[in-house]
Amino acid sequence: MPLLDGHDDAARQRAAAHLAAGELVAFPTETVYGLGARADDDAAVAKIFAAKGRPADHPLIVHVPDVAAARQFAARWPERAQRLAEAFWPGPLTVIVPRAPGRADAAAGGQDSIGLRCPAHPVAHALLQQAAALGVPGVAGPSANRFGRVSPTTAAHVQGEFPPELWVLDGGACPVGIESAIVDCTRDRAVLLRPGTLTRERIEAALGGEPLAARDRDAPRAAGTLEAHYAPRAKVRLMDAGALRAALSVLGPVATGGTAPVAVYSRTLGALPAGIPARQMPPDAESAARALFGTLRELDACGTPLIWIETPPPDTAWDGVRDRLQRAAAAA
């Protein structure tokens, strides 16, 4: 199947019918591209786990067109979930709520809770509405890449990960660039399980000033929260600017035609030794998030065994980017 134009209504309708038939469709969201299957069909969802090489007990996020659709998957719709949905849906926020018995068992990874998100990308939103009209209540959609690897932010990234038989709906580059924040709303306190581009302060404000609790051992399993994740083939090492400068000082120039020993992604460093592949990290967190996964893929394609990355600033705006880089480095 050739690449489908996500902005073409007829192409989206074909993709929606493919989903309704229990098949896989990769689709764009504002965060990253998702690998979708109808969430109410465990056999269809099993195809996601098989295609990605993902453990079946690692839950998926279910994408829905609105709150009414989300409630179909919930045994109970907590007030906190409603507040967050009102503030940030459609948008890059996932809420975890108690799961309705018998609903989306496979997508939930066997847990009695489920993660739900209403994406803001116009192609994703239209696809979900068209699929809903065909009887699909929601679409399970983890990132459209091999499990544990760098997430895709373009249709070309998806095509590079999977066989050509996979239907891919092209909606252009993802404008946010990293996965959604995930907030657990199943317990007495809201818990931030995964940071995204929405800051902790904005989420707490939407909760009426209630502080987000730290993740603990009783938290439900959630997408993208394994210690090692988002990893390129090259080993990633994070270090502050001083340590990075010192490490680079002992490298000599790379011989013409030779493979560089390391690639560099830095926010503050200037000139580097000749022949070292390098990219400049954007100075603000929003732009850095948008560029992150594409840059990791570019540097990985250089063939170097190592990627040295300057640790992002400590303020909360950078939490999502820092989280992805720390997990990428943990895979080394």
Side-chain angles (χ1 to χ4, degrees), residues 29-35 52 54-55 57-63 70 78 80-81 84-85 87-89 91-97 107-109 111 113-120 140-145 147-153 174 176-187 189-204 206-207 210-231 236 238 285-286 288-290 292-293 296 312 314-331:
T29 78
E30 71 276 24
T31 58
V32 300
Y33 273 71
L35 182 62
K52 284 178 61 73
R54 182 184 181 107
D57 65 349
H58 196 56
L60 310 177
I61 292 170
V62 175
H63 296 71
R80 291 182 182 88
L84 293 174
F88 301 119
W89 281 11
L93 181 82
T94 295
V95 295
I96 294 185
V97 301
Q111 297 186 114
S113 60
I114 191 161
L116 300 163
R117 183 166 93 85
C118 177
S143 57
N145 56 278
F147 181 66
R149 295 304 180 183
V150 181
S151 300
T153 54
C174 300
V176 172
I178 62 172
E179 295 81 357
S180 62
I182 301 177
V183 178
D184 174 23
C185 296
T186 63
R187 296 183 285 167
R189 288 277 301 281
V191 180
L192 182 63
L193 299 184
R194 180 178 72 184
T197 53
L198 291 174
T199 64
R200 173 183 292 270
E201 291 84 358
R202 288 186 65 191
I203 296 170
E204 290 175 343
L207 292 170
E210 174 188 325
L212 288 163
R215 185 179 180 182
D216 58 27
R217 63 183 182 182
D218 294 325
R221 298 188 304 278
T225 56
L226 297 178
E227 180 180 1
H229 215 72
Y230 314 109
V236 171
L238 282 177
E286 182 177 338
R290 187 180 306 117
L292 179 62
F293 290 140
L296 287 179
D315 57 278
T316 58
W318 288 84
D319 284 352
V321 171
R322 194 183 319 103
D323 171 83
R324 304 311 187 272
L325 289 175
Q326 287 170 340
R327 294 182 194 279

Could you verify whether a donor N or O on one side chain and an acceptor N or O on the other, from S180 and T94, lie under 3.5 Å apart?
-> yes
With the side chain counted from C-beta on, respond yes when P220 and L193 share a heavy-atom pair under 4.5 Å apart, and no when they do not.
-> yes
Please work out which of the three classes, parallel, tilted or perpendicular, describes the rings of Y230 and F293, given edges at 30° and 60°.
-> parallel
What are the two closest non-hydrogen atoms of A331 and A231, and how far apart are they?
-> CB-CB, 3.5 Å
Determine the minimum heavy-atom distance between A222 and I96, stating which atoms define it.
-> CB-CD1, 4.0 Å
Would you mind reporting whether I114 and P59 have side-chain heavy atoms less than 4.5 Å apart?
-> no
Got P211 and R200 here, is their nearest side-chain heavy-atom distance under 4.5 Å?
-> no
To the nearest 0.5 angstrom, please state how far the CZ atom of R149 sits from the CG atom of L296.
-> 12.0 Å
Answer yes or no: is there a side-chain heavy-atom contact under 4.5 Å between R187 and D218?
-> yes
Full working for side-chain contact (heavy atoms from CB on, under 4.5 Å) between L207 and L212 = CA-CA 9 Å; L207 292 170; L212 288 163; 3.9 Å; yes
Answer whether the closest heavy-atom distance between the side chains of R322 and D319 falls below 4.5 Å.
-> yes
Which pair of non-hydrogen atoms, one from T31 and one from P92, has the smallest distance, and what is that distance?
-> CG2-CB, 3.7 Å
More than 12 heavy atoms of other groups within 6.0 Å of E286 CD = no
Taking C-beta and beyond as the side chain, do R215 and R194 meet within less than 4.5 Å on heavy atoms?
-> no
State the CG-CD distance between D57 and Q111, to the nearest 0.5 angstrom.
-> 8.5 Å
Examine distances only and state if a side-chain atom of E30 and a backbone atom of V176 form a donor-acceptor pair shorter than 3.5 Å.
-> no
Flag the pair W89 / L116 as yes when at least one side-chain heavy-atom distance between them is below 4.5 Å, and no otherwise.
-> yes
Considering only heavy atoms from C-beta outward, does the side chain of I178 approach that of D323 to under 4.5 Å?
-> no
Interatomic distance, OG@S113 vs CZ@R221, rounded to 0.5 Å, equals 8.0 Å
Residue list, side chain to side chain donor-acceptor pair (under 3.5 Å) with S143, at least two apart or on another chain = N145
Apply the test salt bridge (charged side-chain N to carboxylate O under 4.0 Å, His left out) to residues R117 and E179: give CA-CA distance (whole Å), side-chain angles for both, the deciding distance (0.1 Å), then the verdict.
-> CA-CA 11 Å; R117 183 166 93 85; E179 295 81 357; over 6 Å; no
